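Here is the structure we will look at.
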Amino acid sequence: MGRAAKPLLHPEKEWIEAIRETLLDWYDKNCRDLPWRKNKDPYRIWVSEIMLQQTRVDTVIPYYERFMSTFPTLESLAEADEEKVIKAWEGLGYYSRARNLHSAVKEVVEQYGGEVPQEPDSISRLKGVGPYTAGAILSIAFDRQVPAVDGNVLRVLSRLIASWEDISKNATRRKMEELDKMLIPEDRPGDFNQALMELGALVCTPLSPSCNTCPVRALCKARKQGVESELPIKAKGKPPVPAKVTFGWIRKGDFVLIHRRPTEGLLAGMWGLPTVDDKPSESAPGETIKEMMSRLGFQLELGAILGEMEHLFSHRRWYVTVVEALCSDYDQLSPENYHWVKESELSTYAFPNVYRKAIKLIHKNQRNPQGIQGRLF
DNA sequence: GATGCGTGGGC
DNA sequence: TGCCCAAGCAT
């Protein structure tokens with residue numbers, strides 16, 4: 001309130017020059033030695049940019065190394081089975097990234113002879129390549145003067161020009177792209193874009209930025225106005241929606257039944273325990289899983305409640321009941337959608353986070369037959 | 001423009 | 001501990 005909301009969209013030439021020189025000089029001395037910075041192979045850059053979407057560098061590095069060993073070239077990824085690609089992605093989250101990347105790489109082979117297209121319009125049409133990723137690949141791999149505005153750049157630029165606009169809005173991102181365009185030097189577009197991101201990651205951090213060691217502190221309007229800790233403005237998201245779900249724990253000897261989830265929605269296409277959403281009105285836990293199984297064409301007898309737990313996604317809060325069940329006509333299960341896996345290997349076949357927690361809970365309760373442990377509600 | 005989509009780390 | 005966040009994109 002009462003703040004000037006108008007960002008500096010026509011910065012002075014001297015300011016632009018100073019930002020460029022200072023930032024590039026700082027980047028030359030301080031840029032991290034990251035595996036995707038070994039060379040400018042557009043495929044390597046591409047994979048890194050997809051993995052880094054909403055994901056921290058430290059988390060990405062081991063996945064990236066493994067992925068590049070498994071699929072060292074664009075062609076090798078294009079030829080791979082989707083199953084194998086998803087497997088390599090397992091644990092990283094946002095699995096549509098992997099499916100889109102796989103699909104896009106195949107398109108590059110088919111439509112562009114295996115060469116990553118260098119035109120903004122062409123590369124932006126590839127699945128999973130949005131404004132940021134297109135700009136990142138074009139500037140880093142091909143030295144094109146194209147903006148690459150991610151969360152870091154939004155924050156850094158907001159502070160540099162003391163902008164009070166909400167960075168969660170699309171319109172703000174577009175304005176910042178215009179500003180970035182004015183800043184990117186002709187000779188080193190990729191380094192400059194990375195320098196902005198690197199500054200955001202290492203110095204101009206969301207909480208308590210290290211202004212005292214910042215190379216561009218003398219050029220920063222927010223710093224000059226003493227409002228660096230108030231910026232950027234970012235509207236808060238909605239709280240996770242609560243939902244009750246039931247996991248079926250269906251055994252055959254040493255094996256446990258897993259199924260493939262629907263190809264759309266939460267954890268799309270991932271293997272996991274049979275899962276149903278409980279309708280709030282229904283009382284008996286597990287009743288709906290029986291309904292689901294019978295709808296799919298086989299009978300099920302419900303057993304004990306093995307445990308209850310809570311799991312938090314960014315947008316959903318799951319209250320989970322794990323129910324033991326006995327299936328009498330296993331042979332009707334379609335192998336396309338159902339697998340029997342060894343219990344000991346379940347956490348590597350299935351979704352490696354929610355289910356790991358569930359399995360731990362189940363084992364704990366099996367060791368304590370006198371009563372359910374870990375009851376949360 | 002708003003919403004759905006994962007996970008792990010930091011305070 | 002319960003949030004907030006981290007190199008976004010598709011719909």
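Order of the sequence lines sets the chain letters (A, B, ...), proteins ahead of strands, with each chain counted from 1. Please read all numbers here as calculations on a predicted model, not as lab measurements.
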Touch class at under 4.0 angstrom, heavy-atom based, for A:Trp36 against every strand present: base
For atom OH of A:Tyr63 and atom C1' of B:dG6, their distance in whole Å: 10 Å
Non-neighbouring partners of A:Trp36 that pass ring-ring contact (aromatic ring centres under 6.0 Å, His included), sequence neighbours left out: A:Tyr64
Between P of C:dG8 and CG of A:Asn193, the distance in whole Å: 14 Å
Residue among A:Asp143, A:Asn193, A:Asp28 satisfying side-chain hydrogen bond (donor to acceptor under 3.5 Å, both in side chains) with A:Arg188: A:Asp28
Sugar-phosphate, base or nothing in reach of A:Ile50, heavy atoms under 4.0 Å: nothing
Length of the CG-P vector between A:Leu154 and C:dG8, whole Å: 9 Å
P spacing across the pair B:dG6 / C:dT11, given as an integer number of angstrom: 14 Å
side-chain N/O A:Thr55 vs B:dG8 OP1/OP2, d < 4.0 Å: no
Under 4.0 angstrom between A:Arg155 side-chain N/O and C:dA6 OP1 or OP2: yes
Residue pair A:Glu198 / A:Asn30, side-chain heavy-atom distance below 4.5 Å: no
DNA chain C contacts among residues 202-214 of chain A, heavy-atom distance under 4.0 Å: A:Pro206
C1' atoms of C:dC5 and B:dC5, separation to the nearest Å: 16 Å
Gap between atoms CD and C1', on A:Gln54 and C:dA10 respectively (whole Å): 13 Å
Where A:Pro117 and A:Phe142 come nearest, the two heavy atoms and their spacing: O-CE1, 4.0 Å
Nearest-Å distance once atom P is located in both C:dA6 and B:dG4: 22 Å
Sidechain-backbone polar pair: A:Asp180 side chain, A:Met176 backbone, donor-acceptor under 3.5 Å: no
A:Lys84 backbone acceptor or donor facing A:Asp81 side chain under 3.5 Å: no
Which nucleotide in C:dC9, B:dG1, B:dC5 has an atom nearest any side-chain atom of A:Pro131: C:dC9
A:Arg56 vs A:Gly130, nearer the 5' end of DNA chain C by closest nucleotide: A:Arg56
Earlier contact from the 5' end, DNA chain C, for A:Met197 and A:Ser124: A:Met197
Atom pair distance, as rounded to whole Å: NZ in A:Lys169 and C1' in C:dG8: 18 Å
Close side-chain approach of A:Pro189 to A:Arg144, heavy-atom, < 4.5 Å: no
Sugar-phosphate, base or nothing in reach of A:Leu196, heavy atoms under 4.0 Å: nothing
Spacing between A:Arg99 atom CZ and B:dG4 atom C1', to the nearest angstrom: 13 Å
A:Glu90 CD to B:dG6 C1', straight-line distance once rounded to whole Å: 12 Å
Interatomic distance, A:Lys234 NZ vs C:dC3 P [rounded to whole Å]: 17 Å
Residues which pass ring-ring contact (aromatic ring centres under 6.0 Å, His included) with A:Tyr27, listed by chain and number, not counting sequence neighbours: none
